[in-house]
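Side-chain atoms are counted along with the backbone in the values below, which use heavy atoms only and exclude waters and symmetry mates.
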Amino acid sequence: MKPEAVLFAGVAGFFACVTVPYAIWSRDPAGTAAVLIACLMASLVSFFLTVQYKRRGVRPEDRRDGEISERAGPLAFFPARSPWPAMTALGVALLGAGTVIGLWLFLIGVGITGAAVCGFVFQYARTDH
């Protein structure tokens, strides 16, 4: 993950160098905020990948002598079916429509989205997965 962390650090550095001149010469607050947020998001990804690299060490993909068989085996647990992605999509769609149509629809969207997020979080709380 070290090459990916360096790549995103370079992207964050580029956006950091571009943000100040853009803010000075464009006088566009929305664009300045967008470039600044892009810098912060790339920094966040770079930080995450750096922490993962320090926790897990070098991956077989990062070494020149790495073999495919070193990465064999199950990677993670992936659920077969779950109703929560569809519920989350419905809740977010109602949130978006509620901002246009009315507060009552927005509040319904908040309730559905909250229930769906809780469903995601506690989906496997009682199992051995």
Return a table of donor-acceptor pairs under 3.5 angstrom between the side chains of residues 44-52 and protein atoms on other chains or two or more places apart.
from	atom 1	to	atom 2	distance (Å)
Ser46	OG	Ala5	O	3.0
Thr50	OG1	Ser46	O	2.8
Gln52	OE1	Arg56	NE	3.3

Practice task
Only pairs at least two apart or in different chains count here, so list each side chain to side chain donor-acceptor pair (under 3.5 Å) that has a residue in residues 6-24.
Solution key: Tyr22-Asp28
Fill in the blank from the handout: Quick note, side chain to side chain donor-acceptor pair (under 3.5 Å) partners involving residues 2-17, not counting sequence neighbours, are Glu4-Arg59
Practice task
Could you list the residues that satisfy side-chain contact (heavy atoms from CB on, under 4.5 Å) with Ala12, not counting sequence neighbours?
Solution key: Ala42, Ser43
Handout entry: Partners meeting side-chain contact (heavy atoms from CB on, under 4.5 Å) with Val20 (sequence neighbours left out)
Key = Ile24
Could you list the cluster mates of [X]? Members are the ILVMFWY residues connected by side-chain heavy atoms closer than 4.5 Å, either directly or through other members.
X	value
Ile37	Met41
Leu94	Trp84, Met87, Leu90, Ile101, Trp104, Leu105, Ile108, Ile112, Phe120
Leu40	Leu36
Leu103	Leu95, Phe106, Leu107, Val110

Of all residues at least two apart in sequence or in a different chain, which pass the side chain to side chain donor-acceptor pair (under 3.5 Å) check with [X]?
X	result
Arg27	none
Tyr53	none
Ser82	Gln123

Completion exercise
Between Thr113 and Gly91 the two heavy atoms that sit nearest each other are OG1-C, 3.0 Å
Problem - Nearest non-hydrogen partners of Val18 and Pro21, listed with the distance - result: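 So the two residues come closest at O-CD, 3.4 Å.
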